[in-house]
Structure formats: C-alpha cells, structure tokens
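A short write-up of the structure that comes next.
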Amino acid sequence: MANEITIAKGGVSVTMPLVRAITYGGDVVVKETTMASGKVVRDVIGFRPNVRADWDWVPADTIKALNSLLQQGGFFQVTHPTPNGEKTESMTVPFPNMEVFAYRNGVPIWHNISLTMTAQEVIRRAAGQQYV
C-alpha cells in the first residue's frame with residue numbers, strides 16, 4: 001500500500017510525498033425538520049467520509065503546484081491509501097494548513113502540513129445498518 005496522496009483535476013495532478021499520518025472520519029448527514037408542535041425530527045441520509053493527511057514537511061514547489069491546482073475549486077479526484085488498499089474518489093480539498101517555512105539541504109520546504117479532504121458522495125445506509 002502506497003502512503004502517497006494524489007490530487008487531480010482537468011488532466012493536472014499533484015502527488016504529495018509520503019504521509020506521516022492519515023486519519024479517517026466523517027459526518028452523519030441528516031435532514032432536519034421542525035414539526036408544528038416544535039418537535040425536531042431528523043432523518044439520517046447517510047455518512048460523508050473525510051480523510052485527514054499530515055506531513056512533517058513538503059517541498060515548497062509541491063505546495064506551490066498544489067495551491068495552483070486547488071485554485072480551480074470544485075471537486076478533485078483524490079487517490080489515497082485506506083486499510084483495504086488505494087481508493088480514488090471525488091472530494092473537496094481545501095488549501096493546506098502550513099506552519100513554518102525553512103530550508104532543508106538548500107531546498108525550500110514547509111513544515112507541519114495538513115489537509116482534510118471531504119468526499120462528495122454520501123454513503124447511504126440500509127435500515128438498521130451501522131457505520132463501521
């Protein structure tokens with residue numbers, strides 16, 4: 001299993017270096033209605049996964065290419081590792097969080113980079129099904 005993340009759109013792609021850590025999570029998507037009585041009713045639509053990736057450092061050229069790609073906005077095709085192998089899915093990708101700019105062996109780098117990417121698709125559940 002590769003520990004790299006590739007973000008692509010419109011024939012342009014950026015492959016990030018090996019990740020330090022990947023965290024999988026998500027949010028339950030609900031439709032909420034307030035009844036005439038004031039009671040709030042929620043219908044669970046499904047689960048929208050997200051992936052957070054963290055890097056100790058990333059070359060400044062890679063960050064520059066990523067930021068240029070992300071300026072297109074919308075959804076991107078993201079290939080990322082999962083416990084079951086690589087997966088490619090349509091996701092929103094915000095601009096990365098970066099902490100410190102420095103030089104490593106004469107190469108400009110950014111430290112402590114993180115990205116939290118959110119899937120476009122909502123995983124729907126069957127009645128009684130639990131998310132695992």
Enumerate donor-acceptor pairs with a distance under 3.5 Å from any side-chain N or O in residues 91-99 to protein atoms, sequence neighbours excluded.
| unit_1 | atom_1 | unit_2 | atom_2 | d |
| --- | --- | --- | --- | --- |
| T92 | OG1 | T118 | O | 3.4 |
| E99 | OE1 | N112 | ND2 | 3.0 |

Considering only distance and modelled atom types, tabulate donor-acceptor pairs under 3.5 Å from the side chains of residues 6-19, sequence neighbours left out.
| unit_1 | atom_1 | unit_2 | atom_2 | d |
| --- | --- | --- | --- | --- |
| T6 | OG1 | T15 | OG1 | 3.1 |
| K9 | NZ | G73 | O | 2.4 |

Take V30 and D43, measure what side-chain contact (heavy atoms from CB on, under 4.5 Å) needs, and give me the verdict at the end. CA-CA 5 Å; V30 299; D43 291 322; over 6 Å; no

Evaluate H80 against E89 for side-chain hydrogen bond (donor to acceptor under 3.5 Å, both in side chains), listing each step before the verdict. CA-CA 9 Å; H80 60 89; E89 57 187 319; 2.8 Å; yes

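Residue Q72 places its CD atom among more than 12 non-hydrogen atoms of other residues, nucleotides or ligands, all under 6.0 Å distant.
Atom OG1 of T62 and atom CG of N67 lie 11.0 Å apart (nearest 0.5 Å). The CD atom of Q120 sits 4.0 Å away from atom CZ of F75, with the distance rounded to the nearest 0.5 Å.
A heavy-atom distance below 4.5 Å is found between the side chains of Q77 and S90. You'll find the side chain of R20 stays beyond 4.5 Å of the side chain of W55, heavy atoms only.
Under a hydrophobic clustering in which Ile, Leu, Val, Met, Phe, Trp and Tyr are joined whenever their side-chain heavy atoms come within less than 4.5 Å, directly or via other members, L69 and M117 fall into the same cluster. Under the 4.5 Å side-chain contact rule for hydrophobic residues, V78 and V58 share a cluster.
When all heavy atoms are compared, the tightest approach of Y24 to T82 is OH-CA, 3.2 Å. For the pair A53 and I5, the tightest heavy-atom approach, listed with the atom from each and the gap, is CB-CD1, 3.4 Å. Of all heavy-atom pairs spanning V28 and F47, the tightest one is N-CD1, 4.3 Å. Contact record, T34 with V40: OG1-CG2, 4.0 Å, taken as the closest heavy-atom pair.
I113 pairs in a side chain to side chain contact (heavy atoms under 4.5 Å, CB included) with only one of the listed residues (I63, D54, D56, L66), which is I63.
For F101, the side chain to side chain contact (heavy atoms under 4.5 Å, CB included) partners are A60, Y103, P108, W110, not counting sequence neighbours.
Classification of D27 and R48 as a salt-bridged pair fails, no side-chain N sitting under 4.0 Å from a carboxylate O.
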